[in-house]
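Structure, as structure tokens:
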Amino acid sequence: MAEPRQLIGMTVAAQQFGVRIEAVRDILGPQQLAKVPLAPPEIAGVLNLRGRVVTAIDLARRLGIDRDDKRPADQAMNIVVEDRGELYSLLVDRVGVVLTLGAERFEADGSSLPQHWRPLAHGLFRLDDALLVELDIERVLALQPVG
Amino acid sequence: MDDLLSEFLTECLESMTVLDGDLVRLERSPDDPELLAGIFRVVHTIKGTCGFLDLVRLEAVAHAAENVLGKLRDGEMAASRPVVSVVLQALDRIKEILDGLATTQVEPLGDDSTLIAALDAIAATGTAPAEPPSGAVTPPVLATAEAEDATDLSLAVVERPGEARNVTGPAAERLVAQTLRVPVELLEQLMTLVGELVLTRNQLLQAVRHGSEPALQSPLQRLDQITGELQEGVMKTRMQAIGTAWSKLPRLVRDLAIEVDKEIELTMHGAETELDRQVLEMIRDPLTHMVRNAADHGLETADERQRQGKPAKGTIGLDACHEGGHIIIEISDDGRGLDTARIAEKAAARGLAQEADIAAMAERDIQQFIFHPGFSTAETVTAVSGRGVGMDVVRTNIEKIGGSIGIRSTKGQGSTFTIKIPLTLAIVSALIFEAGGERFALPQLGVVELLRAGGQSGHRIETMDGMRVLRLRDRLLPLASLAQVLGLGPRVAGAAGQTDAGSYVVVVRVGARVLGLEVDRLFATEEIVVKPVAPILRSVSAFSGNTILGDGSVVMILDLNGLAAMLDLGRGEVDRRQAADQRQRPDEPVSLLLFEADGGQQMAVPSALVTRLEQIEASAIERTGGRSVVRYRDSLMPLANIEGRPAAFDTGRRPTLVFTDCGRHMGLVVDRIVDVTEARIELELASGGGNDLGTAIIADRPTRLLDVAFFVNRAFGGWFAALETEAFHGNERRARRVLIVDDSRFVRSMLQSILEAQGMQVTTADSADRALRMRDEGRLFDLIISDIEMPGTDGFAFVENCRAGGAWQRTRIVALTSHATPSDVGRGRLAGFDGHVGKLDREALISTLSVDREPLKVA
């Protein structure tokens, strides 16, 4: 990784994550969600973004984060990403700033990541005051375990 | 012109136009392999297609040219100038023949033997003859003339191509210019955009309805109208004639006839009927399957047929026509018909129903068993139509696209399958309701009726070991709580109180099953744009898509087949007759015309609805575009039989009931006129559409009371402009007292019978002035349905008068229109109408009256 990467930072249950800025289509405040009964538990619902139906993913659940401060899905921030022509929204607690991160801060080796995050992440960035996990959107959106 | 031929020509002329440029380049760089390959492909395609179309001359030239081009392409010979010249001549000839085809639709006469010989010589020797048959530009036919005796005949032959060229050049160009090839992808994209536009318009309309911004009204109406027209236009671009799905069938039937050793004729009517290409793709296989079935199982062998006094040759018929927003396809055969006894036996053997139940079933209902999974009555399994996977697969495929299939069959006379499918899948009318705190949409086609159950409603819910059933008109209907099925938990807190207050039941039909879905609240019906769900959700079979409503929220669209599979209803079989209602009609005697149809069944229509009785001669009937028509009082009158299908009979004359509306006539062909009688009718009502209102005992015989509206609707179909309907809004109660204002006696009688059948008290007025007098006398109604065009005070003036003040200022008033144009609708809204409904659209009328736009307040 020679070029520095631009990531949008986000927080879920006090942990910092990032996705590459190219994948992000929109950042939205809390949205009204329609539930999709019988859907996998990671699916928080569907929402309307300017006439397009966006499927919302509860990122905490997707990452298996067991949180005690259960926050209703319609109070979360939405990071809308595109994958193969479909729009998905990642529900997060807070949206951070755009970070430009150089290769010297990157850990591609997943061994310092919790095991169940490894398949979902590109790697880890060492920030000055925290660690930021760069998510692999394609894998995050593939609900069946990748394998 | 033959569709196939015209398509072929369009394609060929297009590629030949491209070739023109290539040919010039070929002369300059005769050994460009890419160029040669391109030309080879075009010629190869033309040759390949010629065989299908029986274009002998074209095929011969193209074949010879292809041989040479193939060798050039493969580098087996050098593209010397003389060789190229001959190739160019061949291409010119192909163009000539194509031009001739475009004007006369047959291959122009001409002799190509010299040209072909020259081409063959090149292909064989790899070199051009020292002296090419003629110059590159001169039509080589001249060479023929020179080579042979210049008889009159060959002179005529010589002149023809040149002639054709001069005259037909422009014709061919016109053919190209009139059609434009557009990638399907682009059309899909346009359709998606139009869908978005429809949604945005709905949102705007909803927003403005609540506020009152007079400056917005007029542009919004315009937007509304343009959006509607645009939607229709774009939809049309995706339309294809159903004939394209039929094109392979004649050959299939021919091969089948040989294989099963039967004589079969295939007749096709209405091949030009258009439908959305997406739908077309999805019915192609079911149709093929059914035609195979008809050939294999339906028709008898020639011997067998002759023994029964039938013509040796069996007929399989395909008919298609439009009806409202649907297309009706019929696949009929004049074969042995269904063996009801055998079906009953088999159904019992397979445990599909109790023997005693089957014994009590009507023939029609027994026939429905053929749609059950794994049900096949073929005596022998043949190579033609396999086994087991039969009509149930066909039905599933058809239902997947929101269609339905039915059968009627008479032993010894044949079977007819009727398929009804929507013209498009992109935009459908759907019922919106709430269950478990979430809203859902359900396409209207699957909805049989809406009920209030429990509480004070009279429809009692019984529980047996956790299973809930509804007592509905002395029958039992299995119930499922939608919230529970969808895992949204039991209905919200205070369950006991809720049960007492009652819930809403959406009665749906899934295949042959009818069941009730309990929901919490009902909203409106809305035109929704179906959007596929994200791939991540495809595994959830309960939903077929999602959509965005007028208020901007997203709702999931329920898939009845998926739901039924989840519910595993098993044999929770409920027959169709279950949807029969018993309500008392007013006690006034009605004058009825009794007649016989459908094999001696007695039927009745109110005499007031019949304009005349006529005898129609078989020879006077003309069939056009899948319809039967007859000349009647200087216009063409469509004829329908008792099933509402185009009527045809071969000999003699048959009595015909003539109905008239708005100066147009339609004829219902029957077997025999019985009598005119006065009777008080107590109807057992059928509520699921179809062609009758119910059955009553009249003159000591069970008599079907015919739904005239159904016939007028079906037989007139496309003759009337498409009927537009809209449920009216803001109605918090079901209308009970209804006033009909219309100057046509026919319309008044018809609506009265339909509405009274729905349990309403109906009052009629033959003019707006008379209606206004009623108002001044202090009479009150829940709903007023008014015609627009009336002598004297018209509908607009009438509603304006009502809105200006007086007792009816706030009464719901709906416009009754025979052909609503968007501008009519807009004007109606401005004048003060709450909505409009098509005159002859019985289903829409009833749904308008029975669906509450706003949720009911629980008492």
Side-chain angles (χ1 to χ4, degrees), chain A residues 23 25-26 28-59 61-63 72-74 76 78-91 119-120 135-146, chain B residues 185 188-189 192-204 432 434-441 481-489 528-543 545-559 562-563 565-567:
Chain A
R25 293 287 163 271
D26 243 305
L28 307 170
Q31 296 287 312
Q32 205 190 347
L33 290 177
K35 273 189 213 153
V36 183
L38 309 175
E42 295 89 343
I43 308 269
V46 282
L47 61 100
N48 169 14
L49 174 62
R50 294 187 291 272
R52 287 188 67 178
V53 178
V54 179
T55 310
I57 313 280
D58 183 337
L59 196 54
R61 259 183 198 270
R62 179 68 186 107
L63 295 167
D74 55 9
N78 291 263
I79 295 186
V80 180
V81 296
E82 187 166 342
D83 178 50
R84 276 161 286 191
E86 291 286 335
L87 294 182
Y88 298 88
S89 151
L90 305 177
L91 300 188
L120 306 176
L135 293 174
D136 180 340
I137 288 302
E138 209 171 296
R139 291 181 173 220
V140 167
L141 296 178
L143 289 191
Q144 276 71 41
V146 176
Chain B
E185 208 176 298
E188 299 291 340
Q189 211 180 327
T192 314
L193 287 173
V194 167
E196 304 299 346
L197 187 62
V198 168
L199 288 177
T200 314
R201 175 204 60 186
N202 290 352
Q203 286 169 16
L204 265 179
I432 315 293
E434 187 181 298
E438 294 291 319
R439 282 191 291 174
F440 298 95
S481 154
L482 192 62
Q484 255 166 33
V485 174
L486 296 178
L488 292 169
I528 59 168
V529 179
V530 179
K531 293 164 180 286
V533 293
I536 210 169
L537 291 173
R538 298 260 155 88
S539 57
V540 187
S541 64
F543 306 110
N546 45 31
T547 189
I548 296 176
L549 296 184
D551 65 2
S553 55
V554 184
V555 300
M556 303 301 294
I557 303 167
L558 285 171
D559 178 1
L563 265 188
M566 285 168 45
L567 284 171

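Chain A is the first sequence line, chain B the second, and so forth, proteins listed ahead of strands; every chain is numbered from 1.
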Sorted by chain and residue number, the side chain to side chain donor-acceptor pair (under 3.5 Å) partners of A:Asp26 (sequence neighbours excluded) come out as A:Arg50
Heavy-atom cut-off 4.5 Å, strictly under: side chain, backbone, both or neither for A:Ile43 against chain B?
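For A:Ile43, the contact with chain B is made by the side chain alone.
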Please look at A:Ile57 and chain B and tell me whether the side chain, the backbone, both or neither of the residue comes under 4.5 angstrom of a heavy atom of that chain.
side chain
Scanning both residues in full, the closest heavy-atom pair of A:Arg52 with A:Glu86 reads NH2-CA, 4.4 Å
Chain A heavy atoms under 4.5 Å from B:Leu537: which part of the residue, side chain, backbone, both or neither?
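For B:Leu537, the side chain is the part near chain A, not the backbone.
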Can you say whether B:Ala542 sits under 4.5 Å from chain A via the side chain, the backbone, both, or neither, judging by heavy atoms?
side chain
Residues in salt bridge (charged side-chain N to carboxylate O under 4.0 Å, His left out) with B:Asp559, at least two apart?
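Here no residue qualifies.
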Checking A:Asn78 side chain against A:Gly29 main chain: does a donor-acceptor pair fall under 3.5 Å?
yes
Is A:Arg62 reaching over with its side chain to a backbone N or O of A:Val140, donor-acceptor style, under 3.5 angstrom?
yes
For chain A, find which of B:Ser553, B:Ala534, B:Ser541 contributes the most heavy-atom pairs closer than 4.5 angstrom.
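Option with the top pair count is B:Ala534.
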Can you tell which of B:Ile536, B:Val540, B:Asn546 has the highest number of heavy-atom pairs within less than 4.5 Å of chain A?
B:Ile536
Does A:Gln32 CD have over 12 foreign heavy atoms under 6.0 Å away?
no
Pick whichever of A:Asp83, A:Val46, A:Leu33 has the most heavy-atom pairs under 4.5 Å with chain B.
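Of the options given, most contacts go to A:Val46.
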